[in-house]
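Everything on this sheet refers to the single structure shown next.
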Amino acid sequence: MTTAMVLAFGVGVSLGPDPIVPMDIEAQFKAATPEVQSVEYPASGLSDVESPHEPAGQHLLVDIKGIEAAFLDSEARLAEAMVDAVKAGGLSMLSYHCHKLIPAGVSCVGVLLESHISFHTWPDEGVITLDLFTCGPKSLLPVVADVERLFAIGENTKTYWSHELRGFRLNENTTKSTNSYLADTSDLGFWVMSPLDLEVKEQIVSVKSPIQQIDIWDVLEVDDTPGHDDALKHNLQPGDPRWLTSEIVTPDRLLFLDGSIQSISTSEKEYHEALVHPTMFSHENPRRIAIIGGGEGAVLREVLKHNTVESVVMIEVDEMLVDIARKHLEGMNNCTDLIGRADVCFDDELVTVVYEDSHKWFMDRYGSGKEAETKFDVVIMDALDPEDGGTISQDLYSNADFVGALLSSLTDNGILVSNAGVAPTIHDPRADLGVFSNREHFINLFEEAEETAAIMVYEEAHCGFLEPHSFLVVCKDVKCRGRWQRDNAVFDYDVYERTVRTISKERPMIHYDGTTQHSYRAPPKAWETVYCRREPKPFECDYIWLDDAKEVHDYDFDEEKSSFEIEYEKDGETVDSVSARVDIPKGSYVLPNHLASSFIISDGSYDNLEDIKEDFLEGVADAKLIEDLVKFIDENGHRSVSDGIGKTYVEVGVSFLIDESDDEKKTNLGRWMPRRKRPKYSPVYDRHYLSFDLFIVATKDIKKGETLVRPTDLWEDPPEEDEE
């Protein structure tokens with residue numbers, strides 16, 4: 001700290017009984033010390049102002065740079081600006097004190113009926129830092145513009161500000177007031193209000209609709225740098241210094257509903273593509289679509305990229321949100337590049353927008369005892385996250401009757417997809433106990449519904465949110481699982497064949513393709529971890545990995561390393577069988593490497609082989625090769641134990657020589673995963689079904705020289721009575 005700074009600080013603030021600078025220095029500058037300006041206002045009429053009742057308030061911090069030095073060094077002008085700012089904010093000044101500092105600068109503090117305002121200036125640097133604290137519910141956000149107007153005197157000023165809710169709101173109803181969505185615990189507070197270092201923080205819309213609080217902000221972080229589109233727009237060349245600054249960066253436009261973030265302009269396409277396309281392409285022919293929510297129009301935009309679509313019903317409770325989206329979120333409902341679609345997605349001839357509560361709309365048409373003529377191939381829920389709470393979330397995610405109506409609205413092979421909120425982590429508690437209990441309850445309702453055939457979950461990490469986002473898929477036909485698991489190339493072909501062409505000749509999707517879908521096929525580990533914390537623990541959770549305590553016995557062409565030998569002749573007869581060369585304890589893993597080398601053929605590929613054999617190769621010399629292959633698959637292949645997965649495993653190693661028997665007493669092998677019916681929802685099966693489909697174990701001690709024998713029906717579904 002310089003001597004000048006020490007002196008300035010001492011002269012300016014040492015009003016208490018204990019000076020913080022030596023007395024001789026203080027005396028040296030006493031003559032030069034300006035009088036402290038102190039003004040008091042009459043208290044008449046102030047008793048009528050409503051007094052706050054809670055130990056809580058709002059704190060506004062404002063930093064401005066680039067201000068004229070003369071203004072920042074003028075006690076009178078600054079005091080006048082402070083008084084005017086207080087008046088503009090509808091606040092009540094009781095008194096204020098200002099200090100002119102040496103060699104430059106001013107510090108002021110004002111005592112308000114509501115609390116206080118204070119600031120300090122650095123004229124040489126052109127900087128002022130100001131803070132305003134008030135008690136009571138009145139928002140301080142409008143004061144930001146007044147402070148900037150009154151204090152940002154200069155040609156190239158820059159303002160940074162932060163707003164915080166302070167203290168303790170003791171009344172539960174107060175926490176749900178119009179100010180609570182500004183708290184730093186809300187998304188709006190975290191993303192916009194609290195940060196003091198945003199280069200751009202511009203309010204576009206803030207309005208209370210009959211349904212919810214709607215806020216739209218443009219924000220830009222100080223250290224943001226140009227992306228691809230900005231570089232093209234400004235023709236950035238190598239070596240241009242603007243590559244390393246935020247000078248030409250387009251701000252993010254953020255949409256908040258009741259303080260919860262819904263969309264980010266620079267990453268909303270990744271989110272909405274992840275929500276819509278995996279389900280649309282997992283349906284054979286999605287023609288009739290229903291959208292719940294989606295007021296920005298982005299879900300609708302993605303749906304209209306599919307050329308199979310014949311009609312879309314969008315049920316949005318908030319008409320004001322749609323009107324605002326048309327004007328301020330036009331990029332999210334822009335269909336101008338899609339050939340044959342309206343410029344504004346909401347206006348397309350295939351679209352019907354219904355402004356009604358979706359819960360009521362579905363219950364009135366598809367609730368218990370209702371028989372609606374129109375059913376949907378796909379229903380897409382783009383509502384608030386389940387963990388956000390509130391009446392809307394409760395009606396959508398916690399109501400068994402509503403879930404029943406959703407399922408009734410679907411065709412027999414219909415699919416529902418829903419936003420499922422922030423993805424879980426391996427550190428989460430049991431799902432029904434934590435903050436994500438609404439999601440768990442929602443899943444439970446579908447598990448219990450008779451019409452549900454399969455449930456899958458997946459997540460996408462590129463939505464722009466702070467954490468990966470998750471999605472829930474519910475199918476009425478178990479074959480949905482097989483379509484979900486198709487190869488990358490099949491999805492890529494569907495994307496080519498089933499999407500609307502564009503005027504720009506660009507692909508209609510920027511993020512989704514077959515490889516992206518591949519990343520959705522199995523949920524991340526956290527889903528399995530949290531699922532296995534259920535009580536009682538699902539039976540399959542005991543088969544997540546092989547037991548290290550068990551022995552592994554495999555076949556090797558080197559006899560010294562092999563646990564088995566192949567018998568070609570026994571008792572003078574030709575046989576093909578496998579016998580043990582060593583004693584194999586019960587529970588040991590048998591031939592895992594050879595079983596893992598089985599090749600997998602999908603139902604579609606098998607059907608193609610059958611068609612080629614029957615329709616195209618009749619009379620062709622090489623036709624027998626196809627016939628032999630089909631025969632080999634029929635004799636040595638077995639279906640996946642996961643219903644609807646649509647895969648056959650064909651053993652090509654030593655394992656296909658293992659003997660079979662209908663007599664269980666004669667067998668000594670069995671599945672690693674016991675014969676149980678697959679649950680409708682199981683992240684464990686989704687992650688490990690290949691192991692469950694292939695690995696076998698010794699069901700009893702197998703002695704050296706004993707032949708391996710497995711049940712003939714080893715891979716068949718268990719009888720109903722065996723499922724318990």
Side-chain angles (χ1 to χ4, degrees), residues 181 187-188 191-192 203-219 250-277 280 289-305 312-338 341-348 350-358 379-385 388 392-393 396 417-421 460 462-465 469 471 508-512:
Y181 75 96
D187 291 337
L188 180 57
W191 287 73
V192 178
Q203 186 180 71
I204 306 302
V205 173
S206 183
V207 63
K208 179 74 173 177
S209 80
I211 306 300
Q212 57 201 339
Q213 174 70 31
I214 303 171
D215 289 276
I216 300 176
W217 287 80
D218 282 353
V219 300
T250 302
D252 276 336
R253 179 156 291 188
L254 313 180
L255 168 66
F256 300 88
L257 300 180
D258 285 335
S260 294
I261 192 163
Q262 302 300 306
S263 295
I264 305 170
S265 61
T266 52
S267 57
E268 60 87 8
K269 290 183 179 179
E270 290 93 318
Y271 169 82
H272 290 105
E273 287 185 14
L275 172 63
V276 172
H277 300 306
M280 291 291 286
I289 316 299
I291 300 172
I292 297 174
E296 317 101 305
V299 171
L300 182 59
R301 178 196 66 209
E302 298 304 318
V303 167
L304 290 175
K305 292 178 181 179
V312 187
V313 178
M314 177 178 155
I315 308 98
E316 169 57 57
V317 68
D318 197 342
E319 185 172 2
M320 184 181 291
L321 175 59
V322 174
D323 292 340
I324 290 172
R326 285 176 176 269
K327 183 177 181 180
H328 298 288
L329 301 171
E330 60 271 23
M332 297 188 191
N333 48 77
N334 181 358
C335 285
T336 55
D337 197 35
L338 301 178
R341 303 301 191 211
D343 288 348
V344 179
C345 306
F346 295 120
D347 299 332
D348 195 85
L350 302 182
V351 177
T352 301
V353 181
V354 178
Y355 297 109
E356 189 175 333
D357 174 58
S358 57
V379 172
I380 303 169
M381 287 182 62
D382 185 29
L384 295 173
D385 290 351
D388 283 343
I392 295 177
S393 290
L396 294 180
V417 62
S418 173
N419 160 37
E460 174 57 63
H462 299 89
C463 300
F465 305 125
H469 215 73
F471 306 90
M509 276 83 82
I510 67 168
H511 182 69
Y512 181 83

Would D187 and V192 count as a side-chain contact (heavy atoms from CB on, under 4.5 Å) if you check the C-alpha gap in whole Å, the side-chain angles of each, and the deciding distance to 0.1 Å?
CA-CA 8 Å; D187 291 337; V192 178; over 6 Å; no
Please lay out, stage by stage, how D318 and L257 fare under the test side-chain contact (heavy atoms from CB on, under 4.5 Å).
CA-CA 11 Å; D318 197 342; L257 300 180; 5.9 Å; no
Test side-chain contact (heavy atoms from CB on, under 4.5 Å) applied to L304 and V351, step by step
CA-CA 9 Å; L304 290 175; V351 177; 4.1 Å; yes
side-chain contact (heavy atoms from CB on, under 4.5 Å) between H272 and E296, worked out:
CA-CA 11 Å; H272 290 105; E296 317 101 305; 4.1 Å; yes
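A pairwise comparison of heavy atoms in S206 and Q213 identifies OG-NE2, 3.2 Å as the closest pair. Here the shortest heavy-atom pairing between A342 and C335 reads O-CB, 3.1 Å. Of all heavy-atom pairs between L275 and N419, the closest is CD1-N, 4.0 Å. Closest of all the heavy-atom pairs between M320 and S209 is SD-CB, 3.5 Å. Taking every heavy atom of both residues into account, I264 and G464 meet most closely at CD1-O, 3.3 Å. Minimum interatomic distance between H462 and E460 (heavy atoms only, all atoms of both residues): ND1-OE2, 2.6 Å.
Contacts of K305 classified as salt bridge (charged side-chain N to carboxylate O under 4.0 Å, His left out), with partners at least two apart in sequence or in another chain: E302. Not counting sequence neighbours, the partners of R253 by the salt bridge (charged side-chain N to carboxylate O under 4.0 Å, His left out) test are D218.
Judged purely by atom type and a 3.5 angstrom limit, S265 has no side-chain atom pairing as donor or acceptor with the backbone of D252. In this structure, the side chain of E273 engages the main chain of I510 through a donor-acceptor pair within 3.5 Å.
Atoms CD and CE, from E268 and M332 in turn, are 4.5 Å apart once rounded to the nearest 0.5 Å. Annotation: the span from I211 atom CD1 to Y355 atom OH amounts to 12.5 Å, rounded to 0.5 Å. For the atom pair CZ (R301) and CG (D348), the distance works out to 14.0 Å, reported to the nearest 0.5 Å.
Just one of L255, D258, V207, L188 meets the side-chain contact (heavy atoms from CB on, under 4.5 Å) condition when paired with D215; it is L188.
Between D343 and T336, the side chains place no donor N or O within less than 3.5 Å of an acceptor N or O (distance only, hydrogens not considered).
The aromatic rings of H469 and Y271 sit perpendicular to each other, their planes meeting at more than 60°, with 30° as the lower class boundary.
The side-chain heavy atoms of I324 and L329, taken from C-beta on, include no pair separated by under 4.5 Å.
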